[in-house]
There are 2 protein chains.
Amino acid sequence: MISKTEFIQKLRNSSLRPTKQRIDICDVLFNREKTFHFTINDLFNLVKERKDQKASLATIYNTVHAFHKKGYLKEIPINSNQTYFDTNVTDHHHFFDVKEERLIDLKNEDVGPIDIQKSIPGKKIKSVEVLVKLED
Amino acid sequence: MISKTEFIQKLRNSSLRPTKQRIDICDVLFNREKTFHFTINDLFNLVKERKDQKASLATIYNTVHAFHKKGYLKEIPINSNQTYFDTNVTDHHHFFDVKEERLIDLKNEDVGPIDIQKSIPGKKIKSVEVLVKLED
DNA sequence: ATTCTTCTTTAGAATAATTATAAAAAACTA
DNA sequence: TAGTTTTTTATAATTATTCTAAAGAAGAAT
Ligand SMILES: [Mn+2]
Ligand SMILES: [Mn+2]
Ligand SMILES: [Zn+2]
Ligand SMILES: [Zn+2]
């Protein structure tokens, strides 16, 4: 359970002013047991449900991108019309349940080591991500 | 070099009427040495450049989705605002050059075999795809 | 060939996600 | 407190994609 004060600290350290909206968004995003995969709309609705505070859709977009830029959120490429974000910013892989449109974390040990035996001159590898699509 | 007649045959066999537009799109897409990664807009412009024939944007969308449904094109999930398609419909992986926004095929032998050591009850694996992001 | 039926193309409207704008509000500084 | 900067917000704009419905083309039947 991360306290409000801790969020304020973290925001300040990131040169982001600790506004009510941002603190609330932090609480929704980071006070969780498990990693959280969400779309902008998911987050908007979760924040809206809380009686104490609301944030406009624009603020959700702004904040998610601010957090993403600071490295507190990760963007997940899935074949969908909406962008997914992930509170787990470590390098890891995913199941994607196509029917339920749901992302599930795969630990690195659930997927063997992947070594890429090809290289492109002048380019280096930034990330290696596996997406495993699931069907019924 | 695939002939017009062959495209007509293939379209007919797929219960798609061989229209001028579709034949032209086939020519742009499938008369290539290498696999072709493209967005709807890329294709629209390539077809437009040809003096002999033009196709509306709506037709490009319609045709790409018809071909996709028939299994002649593959959709590639990358973190972008546009959907990418691929004329290589076999199971394979990709490099994605983030700066140049370009996809490059990886052969299966360029990536070791990937075995997923986790399963979700009631679900089976549909596909396993690796996306390797490249930076300078 | 002529007519009929079905499919396809197309322009333009509609939708949906995202980004931009700019004024009011909140946070910070002096 | 007053001044400065950042943030929020409503709203407009943009962009990719899908929908609609009328005109055109293709195929089948006559
Ligand atoms: Mn994850
Ligand atoms: Mn490919
Ligand atoms: Zn972002
Ligand atoms: Zn499709």
Side-chain angles (χ1 to χ4, degrees), chain A residues 4-5 7-28 37-48 50 52-70 72-73 75-85 101, chain B residues 4-5 7-28 37-48 50 52-70 72-73 75-85 101:
Chain A
K4 192 170 152 173
T5 327
F7 287 134
I8 291 175
Q9 268 317 308
K10 188 129 195 190
L11 286 165
R12 282 232 175 78
N13 293 341
S14 315
S15 36
L16 295 170
R17 289 186 180 173
T19 62
K20 297 238 169 67
Q21 290 85 343
R22 282 175 177 165
I23 294 163
D24 231 48
I25 291 169
C26 281
D27 196 38
V28 170
H37 301 110
F38 64 98
T39 63
I40 292 285
N41 227 270
D42 294 337
L43 181 56
F44 179 59
N45 289 324
L46 284 170
V47 173
K48 193 160 56 182
R50 299 159 64 100
D52 46 327
Q53 182 64 36
K54 71 211 164 306
S56 73
L57 187 57
T59 297
I60 303 288
Y61 271 102
N62 291 340
T63 304
V64 165
H65 282 124
F67 289 2
H68 178 225
K69 193 174 284 179
K70 294 291 177 184
Y72 304 141
L73 290 173
E75 225 169 320
I76 310 283
I78 4 167
N79 180 12
S80 169
N81 46 327
Q82 267 172 109
T83 306
Y84 279 74
F85 293 90
E101 291 211 325
Chain B
K4 191 169 154 174
T5 327
F7 287 133
I8 292 175
Q9 268 317 308
K10 188 129 195 190
L11 286 165
R12 282 231 175 79
N13 293 341
S14 315
S15 35
L16 294 171
R17 289 187 181 172
T19 62
K20 297 240 169 66
Q21 290 85 343
R22 283 175 177 163
I23 294 163
D24 230 49
I25 291 170
C26 281
D27 196 39
V28 170
H37 301 110
F38 65 98
T39 63
I40 292 285
N41 227 270
D42 294 337
L43 181 56
F44 179 60
N45 289 323
L46 284 170
V47 173
K48 194 160 56 182
R50 298 159 64 101
D52 47 328
Q53 183 64 37
K54 73 214 164 302
S56 72
L57 188 57
T59 297
I60 303 289
Y61 272 101
N62 289 341
T63 305
V64 165
H65 282 125
F67 288 2
H68 179 224
K69 193 174 284 178
K70 295 290 176 183
Y72 304 142
L73 291 174
E75 226 169 320
I76 311 281
I78 9 167
N79 179 13
S80 169
N81 46 327
Q82 267 173 108
T83 305
Y84 278 75
F85 293 89
E101 292 211 325

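In what follows, every chain begins at residue 1, and chains take the letters A, B, ... in the order their sequences are listed. In this text, all values refer to a predicted model and were calculated from it rather than measured experimentally. All heavy atoms count here, side chains included; hydrogens, waters and symmetry mates do not.
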Visitor: Can you tell me if Thr83(B) touches the phosphate of dT17(D), counting only side-chain N or O atoms and a distance under 4.0 Å to OP1 or OP2?
Guide: yes

Visitor: Which nucleotide in the list dT9(D), dA16(D), dT10(C) gets nearest to the side chain of Asn81(B)?
Guide: dA16(D)

Visitor: Between atom CD in Glu101(A) and atom P in dA17(C), what is the gap in whole Å?
Guide: 11 Å

Visitor: Give a yes/no on whether any side-chain N or O of His65(A) is located under 4.0 angstrom from OP1 or OP2 of dT19(C).
Guide: yes

Visitor: Measure from the side chain of Thr59(A), starting at C-beta and using heavy atoms only, and say which of dT8(D), dA17(C), dT17(D) lies closest.
Guide: dT8(D)

Visitor: Can you name the closest pair of heavy atoms from Arg22(A) and Phe67(A) and give their distance?
Guide: O-CZ, 4.4 Å

Visitor: Closer than 4.0 Å, any side-chain N/O of Gln21(A) to the OP1 or OP2 of dA26(C)?
Guide: no

Visitor: Taking all non-hydrogen atoms of both residues, which atom of Phe44(A) and which atom of Ile60(A) are closest, and how far apart?
Guide: CD1-CG1, 3.8 Å

Visitor: Pick out the pairs of N or O atoms, protein on one side and nucleotides 22-27 of chain D on the other, that lie under 3.5 Å.
Guide:
unit_1, atom_1, unit_2, atom_2, d
dA26(D), N3, Arg17(B), NH1, 3.2
dG27(D), OP1, Arg12(B), NE, 3.3
dG27(D), OP1, Arg12(B), NH2, 3.0

Visitor: For Asp42(A) and Thr39(A), which I'm curious about, is there any donor-acceptor pair between the side chains at under 3.5 Å?
Guide: yes

Visitor: Quickly work out the Gln82(B) CD to dT17(D) P distance and round it to whole Å.
Guide: 6 Å

Visitor: Find the distance Ile60(B):CD1 to dA16(D):C1' and express it as a whole number of Å.
Guide: 15 Å

Visitor: Indicate the atoms forming the closest heavy-atom contact of Tyr84(A) with Glu101(A), along with that distance.
Guide: OH-O, 3.2 Å

Visitor: Give Asn62(B) one of three labels, base, sugar-phosphate or nothing, depending on what nucleic acid heavy atoms sit under 4.0 Å from its own.
Guide: base

Visitor: What is the distance, rounded to the nearest whole Å, between atom OH of Tyr84(A) and atom C1' of dT18(C)?
Guide: 16 Å

Visitor: For a quick test of reading the model, state the closest non-hydrogen atom pair linking Lys54(B) to Gln21(B) and the distance between them.
Guide: O-CG, 3.8 Å

Visitor: Of Thr63(B), Thr83(B), Val64(B), which meets side chain to side chain contact (heavy atoms under 4.5 Å, CB included) against Ile40(B)?
Guide: Val64(B)

Visitor: Provide, to the nearest angstrom, the distance between the CZ atom belonging to Phe38(B) and the C1' atom belonging to dA16(D).
Guide: 15 Å

Visitor: Quickly work out the Leu16(A) CG to dT5(D) P distance and round it to whole Å.
Guide: 18 Å

Visitor: Might you confirm whether atom NZ of Lys70(B) has over 12 heavy atoms from other residues, nucleotides or ligands at distances under 6.0 Å?
Guide: yes

Visitor: Identify, between Leu57(A) and Ser15(B), the residue whose nearest nucleotide on DNA chain C lies closer to the 5' end.
Guide: Ser15(B)

Visitor: Given atom CG of Asn45(A) and atom C1' of dA17(C), what is their separation to the nearest angstrom?
Guide: 14 Å

Visitor: For the side chain of Ile40(B), starting at C-beta, report the closest nucleotide among dT7(D), dA16(D), dT17(D).
Guide: dT17(D)

Visitor: Kindly say if Tyr61(A) contacts the phosphate of dT18(C), meaning a side-chain N or O under 4.0 Å from OP1 or OP2.
Guide: yes

Visitor: Between Lys54(B) (NZ) and dA11(C) (P), how many Å, whole number?
Guide: 8 Å

